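All values below come from the heavy atoms of this structure, side chains included, with hydrogens, waters and symmetry mates left out. All values reported here derive from a predicted model rather than from experimental measurement. Order of the sequence lines sets the chain letters (A, B, ...), proteins ahead of strands, with each chain counted from 1.
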There are 2 protein chains.
Amino acid sequence: MLDNLAGKITDSELEVMKLLWCAKDALPVTAIREELQRTKGWEPATIKTLISRLVSKGVVRQEKRNVYYYSPVITEKEYSSWATKDLITRIYNGKARDLIASLVNSDGLSQDDIAELRELFKVEE
Amino acid sequence: MLDNLAGKITDSELEVMKLLWCAKDALPVTAIREELQRTKGWEPATIKTLISRLVSKGVVRQEKRNVYYYSPVITEKEYSSWATKDLITRIYNGKARDLIASLVNSDGLSQDDIAELRELFKVEE
DNA sequence: ATTCGCAGGCTACAACTGTCAACTGTATTG
DNA sequence: CAATACAGTTGACAGTTGTAGCCTGCGAAT
């Protein structure tokens, strides 16, 4: 269900998704515009384009009220786990453990991270 | 040193890089072409374009012999660790452990993987 | 009711990507 | 030496991405 959709979210579009993911309910353009104009310095037109593209791609749903309200079709977790899997496929020959190994031996993780992960693996199973 | 370069390697270009990374020495176009024509079904022209672009981007070096020989400027490890860091920045708000947590709770890892990782963390430090 | 602001839809446009063809010069081969 | 083959260079062309303007109609404010 994600294979066709999520792969297509670009960097700029992702900023819009992040905002929608934060919001608990659907948002009108006004709200999206205000936030992204401030944080990203984008023109209203740019923001409208990004939203339209996300709707075309099927990852954002629009709900007609007085004005359209937008909400994400896929969750942030779905997306990030898809993106991670995609990285593993493309770069680590499908081997997830190679990704982690790479993180471990390249300053990708702080000591804190490592400690926390050790916990994580202890709890698991 | 990577920030400027590596980010720009596209999917198609990556296939060329993978080949160069596998080879122990620099390769002439002939060798690259043979392999990618067979495995990817690309036309010679396509392959030549990809190589040129990689050279322009500075991630592949050409060495003049009778004919140019090509070799990677960045190592596979450098690239993959950059790409991973990039993913973490863009999607996991810079928190590496969130990436791993996501992998752990989403079928990203097989039981084998988990076992192996547990080993990895035991050995570390 | 007239005006004003803006949501939505359409258009634009340069840079980047995925694919590839045509030309040009040099090296190999008969 | 003439013909062939192909590396290297340049151009091409459609689709995607980043960024943004214009126009039209509706709803809010005067």
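For T30(A), no side-chain nitrogen or oxygen approaches OP1 or OP2 of dC6(C) to under 4.0 Å. Between T46(A) and dT19(D), a side-chain N or O to OP1/OP2 separation shorter than 4.0 Å is absent. One finds a side-chain N or O of T10(A) lying less than 4.0 angstrom from the OP1 or OP2 phosphate oxygen of dG18(D).
No more than 12 heavy-atom neighbours from other residues, nucleotides or ligands sit within 6.0 angstrom of NZ on K24(A).
For L50(A), the side-chain atoms get nearest to dT19(D) when compared with the rest of dT19(D), dC20(C), dG18(C). When each of dA20(D), dA21(C), dC6(D) is scored by its nearest atom to the side-chain atoms of E43(B), the top-ranked nucleotide is dA21(C). In the set dG8(D), dT19(C), dA7(C), the nucleotide with an atom closest to the side chain of W42(B) is dT19(C). Between dC6(D), dG8(C), dT19(D), one nucleotide has an atom nearer to the side chain of T49(A) than all others, and that is dT19(D). Nearest nucleotide to the side chain of K48(A), out of dG8(C), dA12(C), dA7(D): dG8(C). Residue Y68(A) has its side chain nearest to dG9(C) when only dG8(D), dG18(D), dG9(C) are considered. Closest contact between the side chain of R53(B) and the listed nucleotides dT17(D), dA12(D), dG8(D) involves dA12(D). If you check dA7(D), dG18(C), dA20(D) against the side chain of D11(B), the one that comes closest is dG18(C). Residue K57(A) places its side chain closer to dT17(D) than to any other of dT17(C), dT17(D), dA20(D).
Between E15(B) atom CD and dT19(C) atom C1' there is a gap of 15 Å when expressed in whole angstrom units. The CD atom of Q37(B) sits 15 Å away from the P atom of dA5(D) (whole-angstrom rounding). Straight-line distance from the CG atom of L14(A) to the P atom of dT16(D): 19 Å, rounded to whole Å. For the pair L54(A) CG and dG8(C) P, the computed distance is 14 Å after rounding to whole Å. As a whole-Å value, the separation of I32(A) CD1 from dA7(C) C1' is 12 Å. Summarising the geometry, the separation between NZ on K64(A) and P on dG25(D) is reported as 14 Å, rounded to the nearest angstrom. When the P atom of dC6(D) is taken as reference, atom CD1 of I47(B) falls 13 Å away, rounded to whole Å. The separation between Y69(A) atom OH and dC6(C) atom C1' is 14 Å, rounded to whole Å.
Within the nucleic acid shown, S12(B) comes within 4.0 Å of sugar-phosphate atoms alone, with no base atom in reach, counting heavy atoms only. Here R65(B) lies out of heavy-atom contact (under 4.0 Å) with every strand. Here Y70(B) lies in heavy-atom contact (under 4.0 Å) with sugar-phosphate atoms only.
Between E13(A) and P44(A), the residue anchored closer to the 5' end of DNA chain D is E13(A), taking for each the nucleotide with the nearest heavy atom.
Nearest heavy atoms, Y92(B) versus S81(A): OH-N, 4.1 Å.
In this structure, the side chain of E78(B) engages the main chain of T75(B) through a donor-acceptor pair within 3.5 Å. A donor-acceptor pair is defined here as one N or O able to donate and one able to accept, closer than 3.5 Å; no such pair exists between the side chain of E35(B) and the backbone of I32(B).
For the pair K77(B) and Y79(B), the cation-pi criterion (under 6.0 Å, within 45° of the ring axis) is not fulfilled.
Atom CG of D98(B) and atom CD1 of I91(B) lie 12.0 Å apart (nearest 0.5 Å).
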